[in-house]
**Student:** 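Got a structure for you, questions after.
Labels below follow one simple rule: chain letters A, B, ... track the order of the sequence lines, proteins then strands, and each chain is numbered from 1.
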Protein chains: 2
Amino acid sequence: MNLKNQVEWALHCCAVLSNLPEGRYLSARSLSEFHGVPKEYLGKALQGLSKAGIVHTTLGPSGGYRLALPAGEITFLNVVEAVEGRKSTFQCSEIRANNPCRPGDFCDDKPCAIARVMWKADEAWRQTLAAVSLADLQQTLQQDLPAEILRRSTEWLLDRAG
Amino acid sequence: MNLKNQVEWALHCCAVLSNLPEGRYLSARSLSEFHGVPKEYLGKALQGLSKAGIVHTTLGPSGGYRLALPAGEITFLNVVEAVEGRKSTFQCSEIRANNPCRPGDFCDDKPCAIARVMWKADEAWRQTLAAVSLADLQQTLQQDLPAEILRRSTEWLLDRAG
DNA sequence: GAATGCCTACTCGGATAATTACTGTCCGAGTTGTCTTGG
DNA sequence: CCAAGACAACTCGGACAGTAATTATCCGAGTAGGCATTC
């Protein structure tokens, strides 16, 4: 089981959009060029973000995407769930019901014990993702990246932002 | 991204094998019949457990599988990794290197900040799974299930255990 | 009656198809900025 | 010179193929128990 590569792309796009001044938009074309990924397919990931209300879109020339909320109010979990969907990574198919020793009309009062453990782990995963916001990421990136690259990247993006 | 259904099957099989008396074996045929899943495909999941050293196998009539370790020393994580593989759910493809504003020879001293967060979440997931052993599961099941079903199931299994 | 050797039936393990999900691509509907034209 | 209208280019969104991974199946190598045979 692997996360889609769209998750990675979506997160990187959000990181870029976090640096955009209020009210400016950046097109899927520019985002794909910046990250070196196919434009059309990246569009699908951004579409997911749009449906989830994480980004706002505008059409026409100088149109594109911007964050729909302050970077501090968008978490990794929001982005991941927007692309991957919200359902648990573990699906319980209730095979315990196939046990030949069970009465046919027997009804369990609790979810399967195995599923409970798997879901708890899934919850821990989501909690970790929910604890980090795009603002946190922005701060980390500013510490990690050389100022020169950051400056040039910002300039590059502003040149293309509508 | 979904976990394979083999993960679920493998865990249920381990739960059953935990209840088996020392030295007895249970065949893939019986395990598949007990859980109502295709025999041949279940075999592949058990094969994974075998390669990981979680179960021990014997051939011939009255052959099959048994746990290779005490139930208290086998964790959910062991079983999940035996079937799913050990690599992280998130793969960083280093698209940050495609940034057109980077010097071509620039070399990052840290892993990508986004990947670090995703890997941390993955780690939290694994830690939760590593905290629960098959012995814990066995105890939970004995509390959850009616004694009657447990007794009949054990009897059913012992009838078929070699 | 007991021991030995052969045989059969059953086991797991890896190699082979069918299905599903992911990855990537294309085209159409809609909007905004620009240019032309007229007042 | 200014305003209005038409145009063109660019945008996103959903519909359409190609590829990889998961799901399912089949067959062969190997082993342990059972049975017949012999002593």
**Student:** Choose from D:dG13, D:dA15, D:dT25 the nucleotide whose nearest atom is closest to any side-chain atom of A:K44.
**Tutor:** D:dA15
**Student:** Using only side-chain N and O atoms of A:R29, determine if any of them is under 4.0 Å from OP1 or OP2 of D:dT11.
**Tutor:** yes
**Student:** When you measure from the side-chain N and O atoms of A:S27 to the phosphate of D:dT11, is any distance below 4.0 Å, counting only OP1 and OP2?
**Tutor:** yes
**Student:** Less than 4.0 Å between a side-chain N and a carboxylate O, is that true for B:E22 and B:R24?
**Tutor:** no
**Student:** Determine the minimum heavy-atom distance between B:Y25 and B:G63, stating which atoms define it.
**Tutor:** CB-C, 4.0 Å
**Student:** Of the nucleotides C:dC12, D:dG14, D:dA24, which one has an atom closest to the side chain of A:K51?
**Tutor:** D:dG14
**Student:** Ignoring the backbone of A:T57, work out which of D:dC12, C:dG24, C:dC22 is nearest its side chain.
**Tutor:** D:dC12
**Student:** Whole-Å distance between D:dG33 P and B:Y25 OH?
**Tutor:** 11 Å
**Student:** Do the side chains of B:D144 and A:R116 get close enough for a salt bridge, i.e. N-O under 4.0 angstrom?
**Tutor:** yes
**Student:** Over how many whole Å does the gap from A:N5 atom CG to D:dT19 atom P extend?
**Tutor:** 16 Å
**Student:** Looking only at heavy atoms, what is the nearest atom pair of B:L20 and B:Y65, with distance?
**Tutor:** CD2-O, 4.3 Å
**Student:** Nearest-Å distance, CD (B:E40) to P (D:dC27)?
**Tutor:** 10 Å
**Student:** Nearest-nucleotide wise, let me know which of B:P38 and A:A28 is further upstream toward the 5' end of DNA chain D.
**Tutor:** A:A28
**Student:** Is any side-chain N of the basic residue among A:R126 and A:E123 closer than 4.0 Å to the acidic one's carboxylate O?
**Tutor:** no
**Student:** Is the CD atom of B:E94 crowded by more than 12 outside heavy atoms at less than 6.0 Å?
**Tutor:** yes
**Student:** Side chain of B:P61: nearest nucleotide among C:dC10, C:dC27, D:dA9?
**Tutor:** C:dC10
**Student:** If you check every side-chain atom of A:Y65, which of D:dG13, D:dT25, D:dA32 has the closest atom?
**Tutor:** D:dG13
**Student:** What residues from residues 76-88 of chain B pass a heavy-atom cutoff of under 4.0 Å to DNA chain C?
**Tutor:** none
**Student:** Tell me the interatomic distance from B:L46, atom CG, to C:dC12, atom C1', rounded to whole angstroms.
**Tutor:** 10 Å
**Student:** A:E8 has an atom CD; how far is it from atom P of C:dC22, in whole Å?
**Tutor:** 16 Å
**Student:** What integer distance in Å separates B:R160:CZ from C:dC10:C1'?
**Tutor:** 16 Å
**Student:** Check whether any side-chain N or O of A:Q6 sits under 4.0 Å from OP1 or OP2 of C:dT23, and answer yes or no.
**Tutor:** no
**Student:** For B:R152, is there an ion pair with B:E155 - N to carboxylate O distance below 4.0 angstrom?
**Tutor:** no
**Student:** In whole Å, what is the span from the CG atom of A:L3 to the P atom of C:dT23?
**Tutor:** 10 Å
**Student:** Check whether any side-chain nitrogen or oxygen of B:Q47 sits under 4.0 Å from OP1 or OP2 of C:dG14, and answer yes or no.
**Tutor:** yes
**Student:** Within this structure, what is the NZ-to-C1' distance between B:K39 and C:dT11, rounded to whole angstrom?
**Tutor:** 9 Å
**Student:** Compare every heavy atom of B:W119 with every heavy atom of B:S88, then report the nearest pair and how far apart it is.
**Tutor:** OG-CD1, 3.3 Å
**Student:** Would you mind telling me which of D:dT23, C:dT11, C:dG13 lies closest to the side-chain atoms of B:L59?
**Tutor:** C:dT11
**Student:** Hey, which sits more toward the 5' end of DNA chain C by its nearest nucleotide, B:S50 or B:N2?
**Tutor:** B:S50
**Student:** Using only side-chain N and O atoms of B:Y41, determine if any of them is under 4.0 Å from OP1 or OP2 of D:dT23.
**Tutor:** yes
